[in-house]
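Only heavy atoms go into these numbers, but all of them, side chains included; no hydrogens, no water, no symmetry mates. Every number for a ligand or one of its atoms is a count from 1 in the order of the listing.
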Amino acid sequence: MANPLSYLTAQLQEWRQEGTYQRLRVLESEAAAESRFDGRQVINLASNNYLGLTTHPKLREAALAAVREFGVGSGAVRTISGTMRLHLELEERIARFKNVEACVVFQSGFAANAGTVSAILGPDDHIISDELNHASIIDGCRLSRAKIHVFPHKDVNAAENILEGLHEAAGRKLLISDGVFSMDGDIGPLPGLAEAAEKHGAIMMVDDAHASGVLGRNGRGTIDHFGLHGRVHVQVGTLSKAIGVLGGYVCGSRDLIEFLYHRARPFLFSTSHPPAVAAACLAAFDVLEQEPERIQALWDNTRYFKEGLTGSGFDTGVSETPITPVIVGEAKLAHDLSKALFEQGVLATGIGFPTVPKGKARVRTIVAATHTRPELDRALEAFRSAGKKLGLIQ
Ligand SMILES: *Cc1c(COP(=O)(O)O)cnc(C)c1O
């Protein structure tokens with residue numbers, strides 16, 4: 001009998017031929033500034049572990065203590081019997097940190113976005129969304145069945161024109177942007193967007209996954225960075241990147257959060273975090289407040305590394321954050337550069353279409369607070385040598 005899944009095999013074969021088939025690199029040590037992947041010790045420029053918290057002793061200890069006291073699982077979804085005291089403590093902690101009334105934690109940032117947009121909007125509503133918003137926002141928009149209006153990247157005027165055009169339209173309007181965009185490392189034009197939302201009575205939502213722990217006082221994110229407290233109704237953050245653990249959260253009014261307790265599907269239908277995850281996240285917020293020098297080191301490293309790349313003649317695009325792309329053009333070239341770097345002991349991922357536009361393929365780098373100067377120098381040397389070999393720089 002013919003295999004009804006044979007079309008998948010054919011597709012994989014096609015991807016292999018066009019060179020876009022992806023083999024998973026296997027991490028054989030801790031996720032740290034230098035890690036072992038596929039048997040090779042490399043400087044890791046491909047991780048979102050901005051502050052080095054994945055291996056911070058306080059987080060480790062908190063997780064171990066929670067395992068000893070509470071076991072390894074919560075046993076149920078939050079609404080049945082899976083709400084532990086630790087979950088509530090974490091939500092209260094984040095709400096205080098973000099200077100909002102309340103917070104709900106999801107299993108991931110992906111679940112937070114997809115679960116929230118689809119819960120608060122329906123088919124009669126309108127979403128005005130930046131074209132480069134994260135996939136989890138796009139999925140949430142689709143699940144809501146609201147009408148989706150995409151505006152060109154960071155184009156506040158275009159967003160405002162869409163809102164104006166919807167002036168007479170029935171239904172609610174949601175204006176949504178990433179705080180920091182994950183492929184280019186640029187910052188969303190939040191003051192302009194917040195003003196447009198206010199003018200047109202739209203809900204303002206920001207996904208701060210890459211800004212949490214990176215921008216704003218002690219890593220409070222882009223809303224704090226721009227001084228927009230009270231003007232963004234729905235703030236999403238992640239616990240999986242700079243926080244170093246796993247999870248996502250939504251911050252806002254008490255009623256928004258209680259509504260999500262009742263209607264957000266990942267909250268209702270998927271089991272809550274193990275106690276170790278909640279405990280480690282709680283410890284991470286202590287670290288953000290007690291060790292601001294980590295964020296300082298992150299930004300010092302960012303400036304140093306960016307200057308090294310541009311000084312060597314690489315095109316780093318429009319980055320304003322620790323996410324620094326090295327834009328090379330064709331996808332094959334990005335993958336070749338990534339491979340050449342790995343041979344020289346540097347891990348940085350090649351990214352091509354459809355994740356980024358055709359002709360804008362890149363190797364994406366993210367430095368961490370925990371990279372040392374010698375490590376960054378070695379990484380820069382690898383970029384120079386590989387870049388020359390591939391004809392990217394002189
Ligand atoms: C990484 C990311 C997410 C998803 O966060 P996870 O916690 O990894 O699921 C959501 N939005 C943006 C902008 C991201 O970069």
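For ligand 1, the atoms sitting less than 4.0 Å from at least one non-hydrogen atom of K241 are 1 (C), 2 (C), 3 (C), 14 (C), 15 (O), numbered in the order shown with element in parentheses. Residue-ligand proximity, F110 to ligand 1, at heavy-atom distances under 4.0 Å covers atoms 4 (C), 5 (O), 6 (P), 9 (O). Remark: ligand 1 atoms within the under-4.0 Å shell around heavy atoms of T238 are 5 (O), 6 (P), 7 (O). The ligand atoms of ligand 1 that sit less than 4.0 angstrom from a heavy atom of H210 are 15 (O). The atoms of ligand 1 that sit less than 4.0 Å from any heavy atom of N113 are 10 (C), 11 (N). Less than 4.0 angstrom separates some heavy atom of G247 from each of these atoms of ligand 1: 7 (O).
Between R378 and E381 there is no salt bridge, since no side-chain nitrogen of the basic residue lies less than 4.0 Å from a carboxylate oxygen of the acidic one. Ion pairing between R93 and D286 holds under the 4.0 Å rule for side-chain N and carboxylate O.
Under a 4.0 Å heavy-atom criterion, G248 is not in contact with ligand 1.
Taking the ring centre of F70 as origin, the terminal cationic atom of R85 falls outside the region bounded by 6.0 Å and 45° from the ring axis. Figure legend: cation-pi geometry between R78 and F267 absent, as NZ or CZ is not positioned both under 6.0 Å from the six-membered ring centre and within 45° of its axis.
In V236, neither the side chain nor the backbone holds a heavy atom less than 4.0 Å from any atom of ligand 1. Within the 4.0 Å heavy-atom criterion, both parts of S108, backbone and side chain, lie near ligand 1.
Taking the six-membered ring for Trp and the full ring otherwise, the centers of F106 and Y249 sit at least 6.0 Å from each other. Taking the six-membered ring for Trp and the full ring otherwise, the centers of F181 and H153 sit less than 6.0 Å from each other.
Listed by first then second residue, pairs satisfying salt bridge (charged side-chain N to carboxylate O under 4.0 Å, His left out) with a partner in residues 161-179 read D125-R172, not counting sequence neighbours.
The shortest N or O to N or O distance between G109 and ligand 1 is under 3.5 Å.
Closest to atom 7 (O) of ligand 1, if we only count protein heavy atoms, is S240 OG, 2.5 Å. Of the protein's heavy atoms, D207 OD2, 3.1 Å lies nearest to atom 13 (C) of ligand 1.
No donor-acceptor pair under 3.5 Å is formed between the side chain of K332 and the backbone N or O of E18.
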